[in-house]
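Just so we're on the same page: letters track the sequence lines, and every chain starts at 1.
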Amino acid sequence: MNPFRRADQADTERLLDSAHDARLDQGRPTSTVPTAEPVAALLAAAAAPARPGELAGEEAALTAFRAARADPTPVVPRRPRRRRVTTGAVAWIGALAATATAGAAVAAVTRDRPDPVPPTPSRTSPEPHQGVPGSEEPGRSVAPGTLSPGAPSPVTATPPAIPPASQVHGLCRAWRAKKPDQREKALRTPAFQRLVTAAGGPAEVEAYCQRLVPEAKPTESAKGKTSESAKAKPSASAKVPPSPPRPGHSAAG
Amino acid sequence: MTADLSAAVSAAQAGDEDAFRLLYRSLQPGLLRYLTALVGADAEDVASETWLQISRDLPGFTGGEFRAWTVTIARNRAMDHLRRLRRRPSLSVPVQALVDLASDADTAERASETIGTETALALIATLPPREAEAVLLRAVIGLDAGSAGRVLGRRAGAVRTAAHRGLRRLAVLLEAQRPAESSVGVEGVPPPRTGNGSTVRAPRAEPADG
């Protein structure tokens, strides 16, 4: 009869512990393990001391040990996996950034277009000298509320720009985004009325927008931007010397 | 023993080859037996990979149960190996073991009732995988239930239960093998998986990369 069938978990734990302890007693042959319980005998046999064949890889393991000591390089197989993860993360971040930027651009356009608030008319008429930025009176203040310093809209427009340039700017982009056959119709909608007004008529819109927002990024834009940001600061026009637009000018400030 | 082992670990980390040899001799038999239950005939290959990684990662070992650390490496290597073979990590069941056991038992009756290590391991390998692993980690590797649980990613209590069930199953199995008294009252214990061991054991036809 096998007494083990009534054993509880504590008995099992004892048995499992003793099996390994018996193994550590290297000199003792397994036959002296009490065989009253067959399971105990089986465990003792399973945990018996090393048989010669089991240590056959000893020299190979030692060679590996020496090699690892001589050349302590990190584990090779993990490398490519990590790099793959990194590449993937970079790709994701890039995609995310692209999406976010595109979203911002779209948001800028859509924000500009359906603006129901009438533009606050800027009382200062634009200067006739466009090409020389910031060279005029230092105290010139241009309606600080309507232009944010960071707005990427250079005021290079010659006509009397009733609406703020940034809005016309956005309208131009929105209008250009339309299909050619829909552009004319779009100019009859109220949303683009300001653009039509600024351009001086529906027929002028295309040329006007081309002037205002050229396809290629012009140097005018950069110049205008500096002057614009200088102007937009309410009281600090003299502190920020405008960058010389032409290399001929010596910026001996 | 554990104190000896940790002294040897420190010495081996410092580059002592004899200490490393001692570690190998102490741990390799248990690792090999455990791996045999996991990957069958490929156990020696996986054990070699295991020692390769132990050699490499030894400087990074920061303390704790060294046995559990090595057996975790061995288990990971075994799982990688099985994944390479696109096989589920099922324990191999050599049918031959049961035949061996019968003859073993016969001789055992006449002799001093011992069974061989091979047979004992093969019998343990017939258990359901969780139970077999629990029994092997506890009895053959020599981990306590907590360490074994950490190796297996399970709670200590779960390991105890699995080992307990495994031993009960083994008891029933051993009893059934003996042509002794009329004691075949196997109550409620489902029979171990015995069949299809030879078919599961795919021959290593193509060399695994690595």
Side-chain angles (χ1 to χ4, degrees), chain A residues 1-13 15-24 29-51 53-69 71-77, chain B residues 1 12 15 17 20-21 24-26 28-30 32-33 44 47-48 51-59 108 111-121 123-124 134-136 138-145 160-161 163-164 166-168 170-172 174-175 178 180-181 183 185 187 210:
Chain A
M1 192 60 203
N2 189 348
F4 192 77
R5 274 166 58 177
R6 287 180 301 277
D8 62 8
Q9 201 159 313
D11 292 335
T12 348
E13 288 294 298
L15 212 61
L16 289 163
D17 288 335
S18 67
H20 189 255
D21 290 345
R23 173 187 167 251
L24 299 181
T30 46
S31 58
T32 60
V33 173
T35 54
E37 291 196 39
V39 175
L42 181 140
L43 291 181
R51 293 163 293 166
E54 288 178 325
L55 300 176
E58 182 170 326
E59 293 312 317
L62 266 164
T63 306
F65 177 69
R66 286 188 202 110
R69 296 284 307 169
D71 180 26
T73 47
V75 184
V76 177
Chain B
M1 183 62 197
E17 287 190 12
F20 186 79
R21 205 181 283 272
Y24 180 86
R25 288 181 183 170
S26 308
Q28 163 71 1
L32 191 59
R33 294 171 196 183
E44 296 210 4
S48 300
W51 281 103
L52 206 65
Q53 190 177 342
I54 291 174
S55 305
R56 280 199 207 115
D57 293 357
L58 188 61
S112 56
E113 296 205 329
T114 62
I115 65 176
T117 300
E118 205 83 45
T119 310
L121 293 170
L123 262 181
I124 294 174
V135 169
L136 287 169
R138 291 282 285 108
V140 176
I141 304 285
L143 299 180
D144 59 26
R160 283 193 201 96
T161 305
H164 181 64
L167 288 201
R168 285 178 64 97
L170 284 175
V172 171
L174 286 171
E175 200 171 340
R178 290 171 185 262
E181 312 98 293
S183 62
E187 89 271 336

- Are B/R56 and A/R69 close enough, and set up right, to give a side chain to side chain contact (heavy atoms under 4.5 Å, CB included), and what steps lead you there? CA-CA 8 Å; B/R56 280 199 207 115; A/R69 296 284 307 169; over 6 Å; no
- Task: Could you go through the salt bridge (charged side-chain N to carboxylate O under 4.0 Å, His left out) check for A/E54 and B/R25 one step at a time?
- Result: CA-CA 9 Å; A/E54 288 178 325; B/R25 288 181 183 170; over 6 Å; no
- Message: Determine whether B/R160 and A/T12 satisfy the following criterion, side chain to side chain contact (heavy atoms under 4.5 Å, CB included), listing intermediate values before the conclusion.
- Response: CA-CA 8 Å; B/R160 283 193 201 96; A/T12 348; over 6 Å; no
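Of the possible donor and acceptor atoms, none in the side chain of B/T117 sits under 3.5 Å from a partner among the backbone N and O of A/A48. A distance-only check finds a donor-acceptor pair linking the side chain of B/Y24 to the backbone of A/G57 [under 3.5 Å].
With a 4.5 Å cut-off on non-hydrogen atoms, A/R66 touches chain B through its side chain but not through its backbone. Of the two parts of B/Q28, only the side chain, counted from C-beta on, holds a non-hydrogen atom closer than 4.5 Å to a non-hydrogen atom of chain A. With a 4.5 angstrom heavy-atom cutoff, A/L62 touches chain B via backbone and side-chain atoms both. Only the side chain of B/L58 comes within less than 4.5 Å of a heavy atom of chain A; its backbone N, CA, C and O stay farther away. Residue contact with chain B, scored on non-hydrogen atoms closer than 4.5 Å, is absent for A/A60.
Among all heavy-atom pairs drawn from B/A120 and A/A46, the shortest one is CB-N, 3.7 Å. In plain terms, the two heavy atoms of A/A68 and B/S55 that are nearest each other are CB-O, 3.5 Å.
Atoms CG and CG, on B/D144 and A/L16 in that order, are 11.5 Å from each other to the nearest 0.5 Å. Distance CG/A/L15 to CG/B/L170: 10.5 Å, rounded to 0.5 Å.
Taking the side chain as every heavy atom from C-beta outward, A/V39 and B/R168 never approach each other to under 4.5 Å. Two residues are said to be in side-chain contact when any heavy atoms from C-beta on lie closer than 4.5 Å; A/D11 and B/L167 fail this criterion. With a 4.5 Å cut-off on side-chain heavy atoms, B/L32 and A/L55 do not count as touching. Counting heavy atoms from C-beta on, the side chains of B/H164 and A/E13 never come closer than 4.5 Å.
In this structure, A/E58 places its CD atom where more than 12 heavy-atom neighbours from other residues, nucleotides or ligands lie under 6.0 Å away.
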